[in-house]
Amino acid sequence: MAEKWEKVRVELFHAFSTTSGAEVFTTEDLALLERVADAVVKRGMAAPATVFLESLGPMNFLGSQALYFLTPIVEWAFQAKEVEQVAQLLERRETISRLIAIIETKSAPQAPPQAPQGASAQ
């Protein structure tokens, strides 16, 4: 009985935790975030997407749960594996800040190439 109570206590602690464990992004996770950032930047939506993500960042866990609920509908348009991967990523608080950083990096203006030292423009 004590073991069952301990298991319930640990699960409840995890369920109401405001901090996430130090989880590392896998290469698949990073590749998915890169694809999302590429799509956002390609469409010229970096600034609106950043504002949207920053405003909804604290509710990312609710978004992941909604995505699990809507999976049967969303699977018509997207692959089931990617839908599940996105939902799992949204459960982690640091995902939104990572995605914002990737979008900002990809949308940053590229610096023009500099002339070699000692050369003058004529």
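Numbers here simply count residues along the sequence, with the first being 1.
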Just to verify, what does [X] make a side chain to side chain contact (heavy atoms under 4.5 Å, CB included) with, not counting sequence neighbours?
X	result
R35	A31, L32, E82
V83	L67, T71, V74, F78
S97	E94
F52	L56

Worked verdict on R92 versus L89 for side chain to side chain contact (heavy atoms under 4.5 Å, CB included): CA-CA 6 Å; R92 298 165 37 186; L89 281 172; 4.3 Å; yes

Nearest-0.5 Å distance that lies between atom CD1 in I103 and atom CZ in R98: 13.0 Å

Can you sort out the partners of [X] under side chain to side chain donor-acceptor pair (under 3.5 Å), two or more places apart, ordered by chain and number?
X	value
D29	T26, Q85
E34	K106
Q79	none
E104	none

Taking distance alone, no hydrogens or angles, what donor-acceptor pairs closer than 3.5 Å link side-chain atoms of residues 40-50 to residues at least two apart or in another chain?
{"from": "R43", "atom 1": "NH1", "to": "A39", "atom 2": "O", "distance (Å)": "3.1"}
{"from": "T50", "atom 1": "OG1", "to": "A46", "atom 2": "O", "distance (Å)": "2.7"}

E3: partners by salt bridge (charged side-chain N to carboxylate O under 4.0 Å, His left out), with sequence neighbours left out: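 Result, salt bridge (charged side-chain N to carboxylate O under 4.0 Å, His left out) vs E3: none returned.
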
Minimal non-hydrogen separation, N60 against L90, with atom names: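 It is ND2-O, 3.0 Å.
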
